[in-house]
Amino acid sequence: MPTPIYMDNNATTRVDPRVIDAMLPWFGEDYGNAASLHHAFGRKAEEGVETARAEVAELIGAKPREIVFTSGATESDNLALRGAALMARSRGDHLITAATEHHAVLDTVRRLERDGFRVTTLGVDHEGHVTPEQVEEAITDRTILVSLMAANNEVGTLHPLAAIGEICHRRGVLFHTDAAQAAGKVSLDVESMHLDLVSLSAHKMYGPKGVGALYVRRRNPTVRLEPMLEGGGHERGLRSGTLNVPGIVGFGLACRLCAGELATEAERLAVLRDRLYYGIVEAIDGVTLNGPLEDRLPGNLNLSFAWVRGEALLMGLRGVAVSTGSACTSASPEASYVLRAMGIEEELAHASLRFGLGRFTTADEVSTVIDEVRRVVSMLREMSPDYALHRQARVLAASS
Ligand SMILES: *Cc1c(COP(=O)(O)O)cnc(C)c1O
């Protein structure tokens with residue numbers, strides 16, 4: 001069987017060959033421990049890490065010393081939310097987040113709730129948006145932190161970070177954003193967006209798996225966190241553990257490549273994504289777009305197909321690697337909680353597909369996927385009693 005076409009770039013991305021090349025020496029001759037500064041091996045490793053730290057910082061307009069390396073966005077979300085909440089306990093006990101956040105945020109706030117914190121989970125509109133007004137209304141004098149993702153991993157919805165960040169800073173509340181999906185795809189700036197804590201993940205931006213970072217603001221305000229991992233005091237005591245030097249070097253280059261190609265790549269992906277969208281909706285009836293047309297990650301498309309099931313679609317589309325719901329929950333039969341929070345009815349939420357286009361997606365692949373989706377949806381509908389009824393009703397309506 002030929003290799004399927006990869007259209008699941010919101011779940012993970014292929015490591016860019018330039019990133020692999022840059023990482024290789026750090027597995028081989030440059031194997032030092034970045035904390036062993038008393039000899040040349042360690043100092044070389046430390047140099048590699050510090051170059052990467054500057055590259056990661058540059059992507060989001062931060063200073064290198066504000067970057068803490070972690071194992072990925074899950075760990076960064078845990079450190080940001082739990083670390084900030086435990087540190088601020090004497091000042092307040094209230095957190096604000098939204099219903100469509102990643103489980104790394106939702107499950108962390110749920111645990112904080114069990115530990116005595118109070119959490120407001122904001123609802124979203126039909127396109128997955130939270131408004132600045134909703135945030136403003138939810139803030140109380142006990143609120144310590146607001147956590148809202150930069151871009152949603154299922155439907156690509158972008159939140160108005162600058163406006164929300166401005167409110168948080170005016171009200172003296174910390175603002176965390178999970179930017180695992182947005183970083184490197186849309187521009188982010190910690191100053192103009194008033195971000196205090198930002199979670200990043202290398203494998204969502206053509207870097208290696210198992211590496212990420214947390215941006216922690218050092219000035220105006222100085223953010224203090226309770227560490228989650230204790231040990232050798234690495235990363236200014238915020239994240240102990242020997243640094244993953246090859247991974248961090250790869251992450252740094254991945255950030256630099258994304259920054260350099262961001263504008264042209266966003267444009268290219270949006271064109272391909274729109275071609276995919278119109279190629280499908282113009283050929284098949286009963287297709288709805290989940291999430292907004294504008295304010296959306298350039299490479300993300302999420303569609304629902306009436307009268308078919310998402311699982312059946314996935315089975316039929318063997319030549320295309322896509323997801324139904326989010327990757328983390330696609331093994332379970334539950335409809336996507338993100339789509340449900342957006343008010344999309346259960347049937348259509350079950351009949352959804354997420355297409356994630358990326359750096360290595362070509363125009364030819366998009367054409368092939370359009371043909372495949374048309375073929376599989378028509379085939380499934382031929383077998384669907386619901387679709388037969390729908391067609392009959394249409395014929396009756398036309399003849400009366
Ligand atoms: C992928 C993802 C995560 C988890 O990142 P890991 O680096 O895999 O731990 C968290 N949040 C969002 C929005 C994501 O897309």
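- Counting non-hydrogen atoms of neighbouring residues, nucleotides and ligands closer than 6.0 angstrom, the CZ atom of Arg142 exceeds 12 such neighbours.
- Side-chain contact between Val190 and Tyr215: present, with at least one pair of heavy atoms (C-beta onward) separated by less than 4.5 Å.
- Under a 4.0 Å N-O distance rule, the pair Asp115/Arg110 does not qualify as a salt bridge.
- In this structure, Arg18 does not pair ionically with Asp21, as no charged nitrogen and carboxylate oxygen lie closer than 4.0 Å.
- Atom CD1 of residue Ile139 and atom CG of residue Leu145 lie 10.5 Å apart, to the nearest 0.5 angstrom.
- Residue Phe360 places its CZ atom among more than 12 non-hydrogen atoms of other residues, nucleotides or ligands, all under 6.0 Å distant.
- Using a 4.0 Å cut-off between a side-chain N of Lys or Arg and a carboxylate O of Asp or Glu, Asp77 and Arg82 do not qualify as a salt bridge.
- Test His94, Arg171, Arg118 against Thr143 for side-chain hydrogen bond (donor to acceptor under 3.5 Å, both in side chains) and you get one pass: His94.
- For CZ of Arg219, the number of neighbouring non-hydrogen atoms (other residues, nucleotides, ligands) closer than 6.0 Å is 12 at most.
- Nearest heavy atoms, Val105 versus Ser147: CG1-OG, 3.9 Å.
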Determine, stepwise, if the pair Leu225 / Met87 fulfils side chain to side chain contact (heavy atoms under 4.5 Å, CB included).
CA-CA 6 Å; Leu225 301 177; Met87 190 57 96; 5.7 Å; no
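- Linking Ile, Leu, Val, Met, Phe, Trp and Tyr residues whenever their side-chain heavy atoms come within less than 4.5 Å leaves Leu243 and Val19 in two separate clusters.
- Ring pair His103/Tyr337: centre-to-centre distance below 6.0 Å.
- Heavy atoms from other residues, nucleotides or ligands lying under 6.0 Å from CZ of Arg170 number more than 12.
- Separating the SG atom in Cys168 from the CG atom in Leu174 is a distance of 8.5 Å, to the nearest 0.5 Å.
- Under the 4.5 Å side-chain criterion, counting only non-hydrogen atoms from C-beta, Leu353 is in contact with Phe305.
- Residues Val198 and Met193 share a single hydrophobic cluster, defined by chaining ILVMFWY side chains whose heavy atoms lie under 4.5 Å apart.
- Of the possible polar contacts, one joining the Glu365 side chain to the Thr362 backbone as a donor-acceptor pair under 3.5 Å is found.
- Heavy atoms only, all atoms of each residue included: Leu79 and Pro227 are closest at CD1-CA, 4.2 Å.
- At most 12 non-hydrogen atoms from other residues, nucleotides or ligands lie less than 6.0 angstrom from CD of Glu267.
- When the shell of 6.0 Å around CZ of Arg236 is examined, it contains more than 12 heavy atoms from other residues, nucleotides or ligands.
- Between Glu191 and Arg217, at least one side-chain N (NZ, or NE/NH1/NH2) sits under 4.0 Å from a carboxylate O, which counts as a salt bridge.
- Annotation for Glu347: atom CD does not count as buried by contact number, only 12 or fewer foreign heavy atoms lying within 6.0 Å.
- Aromatic ring orientation, Trp307 versus Tyr387: tilted (interplanar angle from 30° to 60°).
- No side-chain heavy atom of Tyr206 sits less than 4.5 Å from a side-chain heavy atom of Pro17.
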Assess the residue pair Asp285 and Arg394 against the criterion (salt bridge (charged side-chain N to carboxylate O under 4.0 Å, His left out)); give the C-alpha distance rounded to whole Å, side-chain angles, the decisive distance to 0.1 Å, and a yes or no.
CA-CA 12 Å; Asp285 61 344; Arg394 257 201 334 202; 2.9 Å; yes
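- Side-chain contact between Met205 and Thr13 is absent, with no heavy atoms from C-beta onward closer than 4.5 Å.
- Here the side chains of Leu289 and Leu301 are in contact, with some heavy-atom distance below 4.5 Å.
- Rounding to the nearest 0.5 angstrom, the gap separating the CZ atom in Arg381 from the CD1 atom in Ile284 is 6.5 Å.
- In terms of modelled atom types and a separation under 3.5 Å, the side chain of His102 and the main chain of Ala104 share a donor-acceptor contact.
- Remark: the backbone N or O of Met342 is paired with a side-chain donor or acceptor of His126 at under 3.5 angstrom.
- Of the possible polar contacts, none joining the His176 side chain to the Ala80 backbone as a donor-acceptor pair under 3.5 Å is found.
- Hydrophobic clustering, with ILVMFWY side chains joined whenever heavy atoms are under 4.5 angstrom apart, keeps Leu272 apart from Val186.
- Using a cutoff of 4.0 Å between basic side-chain nitrogens and carboxylate oxygens, Arg53 and Glu58 are not scored as salt-bridged.
- When atom types are taken as modelled, the side chain of Ser76 and the backbone of Gly72 share a donor-acceptor pair closer than 3.5 angstrom.
- Leu197 and Ala84 make their closest contact through CD1-CB, 4.3 Å (heavy atoms, listed as atom of the first residue, atom of the second, distance).
- Under the 3.5 Å distance criterion, the side-chain polar atoms of Ser367 are matched with a main-chain donor or acceptor of Ala363.
- For the pair Glu265/Arg268, a side-chain contact is recorded, criterion being any heavy-atom separation below 4.5 Å from C-beta on.
- No more than 12 heavy atoms of other residues, nucleotides or ligands shown are found within 6.0 angstrom of CE on Met315.
- Checked for salt-bridge contact, Lys44 and Glu47 miss the test: no charged N lies under 4.0 Å from a carboxylate O.
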Evaluate Phe41 against Tyr31 for side chain to side chain contact (heavy atoms under 4.5 Å, CB included), listing each step before the verdict.
CA-CA 7 Å; Phe41 295 88; Tyr31 53 81; 3.4 Å; yes
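- Looking at Glu235, its side chain does come within 3.5 Å of a backbone N or O of Phe69 through a donor-acceptor pair.
- With respect to the salt-bridge test (charged N to carboxylate O, under 4.0 angstrom), the residues Arg43 and Glu46 do not qualify.
- Hydrophobic clustering keeps Leu339 apart from Leu158 (ILVMFWY residues linked when any side-chain heavy atoms are closer than 4.5 Å, directly or through intermediates).
- Rounding to the nearest 0.5 Å gives a distance of 8.0 Å between CZ of Arg354 and CG of Asn302.
- Residues Val271 and Val281 do not share a hydrophobic cluster, defined by chaining ILVMFWY side chains whose heavy atoms lie under 4.5 Å apart.
- Electrostatic pairing of Glu346 and Arg340 counts as a salt bridge here, judged by a charged N lying under 4.0 Å from a carboxylate O.
- Interatomic distance, OG1 of Thr242 versus CG of Asn33, reported as 4.5 Å (0.5 Å rounding).
- In terms of modelled atom types and a separation under 3.5 Å, the side chain of Arg296 and the main chain of Pro292 share a donor-acceptor contact.
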Run the side chain to side chain contact (heavy atoms under 4.5 Å, CB included) test on Arg359 and Leu257 for me, step by step, so that the C-alpha distance in whole Å, both residues' side-chain angles and the decisive distance to 0.1 Å come before the verdict.
CA-CA 11 Å; Arg359 183 176 288 166; Leu257 294 175; 4.2 Å; yes
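- The backbone N or O of Gly231 sits less than 3.5 Å from a side-chain atom of Ser240, completing a donor-acceptor pair.
- Checking side-chain atoms of Thr177 against main-chain N and O of Ala179 turns up no donor-acceptor pair under 3.5 Å.
- Of all heavy-atom pairs spanning Thr100 and Ala341, the tightest one is CG2-CB, 4.0 Å.
- You'll find the side chain of Phe355 reaches within 4.5 Å of the side chain of Val373, heavy atoms only.
- For the pair Leu229/Glu75, a side-chain contact is recorded, criterion being any heavy-atom separation below 4.5 Å from C-beta on.
- From Asn9, atom CG reaches atom CG of Leu297 across 11.0 Å, with rounding to the nearest 0.5 Å.
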Run the side chain to side chain contact (heavy atoms under 4.5 Å, CB included) check on Val322 and Asp8 step by step: do they pass?
CA-CA 5 Å; Val322 287; Asp8 204 10; 5.8 Å; no
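- Under a 4.0 Å N-O distance rule, the pair Arg218/Glu66 does not qualify as a salt bridge.
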